[in-house]
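Protein chains get the first letters and strands the later ones, always in sequence-line order, with residue 1 at the start of each.
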Amino acid sequence: ETGVTQSPTHLIKTRGQQVTLRCSSQSGHNTVSWYQQALGQGPQFIFQYYREEENGRGNFPPRFSGLQFPNYSSELNVNALELDDSALYLCASSLLGLDTDTQYFGPGTRLTVL
Amino acid sequence: GESVGLHLPTLSVQEGDNSIINCAYSNSASDYFIWYKQESGKGPQFIIDIRSNMDKRQGQRVTVLLNKTVKHLSLQIAATQPGDSAVYFCAERSVVGANNLFFGTGTRLTVIP
């Protein structure tokens with residue numbers, strides 16, 4: 001186990017709704033990255049948070065937003081849900097630095113949009 | 001753009017044999033590479049990593065080889081066990097931009113008892 005936890009485990013929403021996913025990072029880590037994994041594909045980078053600020057973003061629209069809190073936990077918010085947003089959402093925590101930045105993943109949240 | 005690809009989408013091996021999973025990457029600026037194992041319904045699990053200043057790194061039953069000349073990465077698993085059955089991803093990180101990883105599609109390894 002990595003010590004990275006995510007909630008909820010599963011979630012079902014309908015098109016147009018909003019969703020918030022949560023992630024608690026591994027003890028001692030200061031960075032959280034979020035990834036979207038569609039069925040049968042590799043994870044795709046959404047964004048990363050370091051010291052409560054966005055520290056890089058992938059090719060995702062602005063309706064994907066996030067937060068990082070002082071205890072380094074993080075939220076991923078998705079507005080105006082679309083059917084294609086159905087995926088496994090993964091968070092990974094790390095300690096940002098040159099030699100200690102391995103990303104450790106949580107179990108993911110399975111989001112289904114109907 | 002950056003891409004990480006795998007030569008073989010599926011691989012079946014007999015229990016006890018060695019497994020080799022290959023990966024090609026396109027960004028010569030990438031400085032860090034990681035292999036992850038993902039079992040059904042779980043998040044990716046870190047296996048082993050290697051930095052671009054190395055050619056080889058060994059762990060417990062696993063070895064990662066990096067050939068920067070041809071931009072190729074491989075994961076060798078010795079004495080493959082049924083518990084090794086999973087999807088394996090290689091991921092790369094570019095020195096440019098944030099500490100984000102680019103993943104390939106993955107290779108499904110099936111170990112035959």
Legend entry - Residue R15(A) excluded, over 12 heavy atoms near CZ under 6.0 Å: no

Legend entry - For the student: nearest non-hydrogen atoms of L90(A) and P44(B), plus distance: CD1-CD, 3.7 Å

Legend entry - Heavy atoms from other residues, nucleotides or ligands near NZ of K56(B) exceed 12 (cutoff 6.0 Å): no

Inset, instruction - Give, as side chain, backbone, both or neither, the part of Q41(A) having an atom under 4.5 angstrom from any heavy atom of chain B. - result: backbone

Legend entry - Over 12 foreign heavy atoms within 6.0 Å of OH, Y32(B): yes

Legend entry - Cluster check Y104(A), V32(A): I/L/V/M/F/W/Y, side chain < 4.5 angstrom: no

Legend entry - Gap between atom NZ of K42(B) and atom CG of L88(A) - 0.5 Å precision: 13.5 Å

Legend entry - Between F103(B) and F45(A), ring centroids under 6.0 Å: no

Inset, instruction - Working to the nearest 0.5 Å, report the span between CD of Q44(A) and CZ of F102(B). - result: 9.5 Å

Legend entry - Heavy-atom side-chain proximity of F47(A) to N100(B) below 4.5 angstrom: no

Legend entry - For chain B, which residues of residues 105-114 of chain A have heavy atoms nearer than 4.5 angstrom: F105(A), G106(A), P107(A)

Legend entry - hydrophobic_cluster_shared for L75(B) and I50(B), side chain cutoff 4.5 Å: yes

Legend entry - Q37(A) to F89(B) - nearest heavy-atom pair and separation: NE2-CZ, 3.5 Å

Inset, instruction - Identify whether L73(B) and M54(B) are in the same connected component of the hydrophobic contact network (ILVMFWY, side-chain heavy atoms under 4.5 Å). - result: yes

Inset, instruction - Identify which of C91(A), G58(A), P43(A) forms the greatest number of heavy-atom pairs closer than 4.5 Å to chain B. - result: P43(A)

Inset, instruction - Kindly check if the number of other-residue, nucleotide or ligand heavy atoms within 6.0 Å of CD (Q14(B)) is above 12? - result: yes

Inset, instruction - Determine which residues belonging to residues 73-83 of chain A lie within contact range of chain B, meaning some heavy atom pair is under 4.5 Å apart, and list them by number or answer 'none'. - result: none

Inset, instruction - Consider only side-chain heavy atoms of I, L, V, M, F, W and Y, link residues closer than 4.5 Å, and tell whether I46(A) and Y72(A) are in one cluster. - result: no

Legend entry - Residue part contacting chain A, namely of Q45(B), when any heavy atom lies under 4.5 Å: neither

Legend entry - Atom CG of N59(A) with >12 non-hydrogen neighbours under 6.0 angstrom: no

Inset, instruction - Inspect the surroundings of CZ in R51(A) and state if more than 12 heavy atoms from other residues, nucleotides or ligands are less than 6.0 Å away. - result: no

Inset, instruction - Please answer: with hydrophobic residues joined when any side-chain heavy atoms are less than 4.5 Å apart, are V62(B) and F33(B) in the same cluster? - result: yes

Inset, instruction - Please answer whether the main-chain N or O of L101(B) pairs with a side-chain N or O of Y35(A) as donor and acceptor at a distance below 3.5 Å. - result: yes

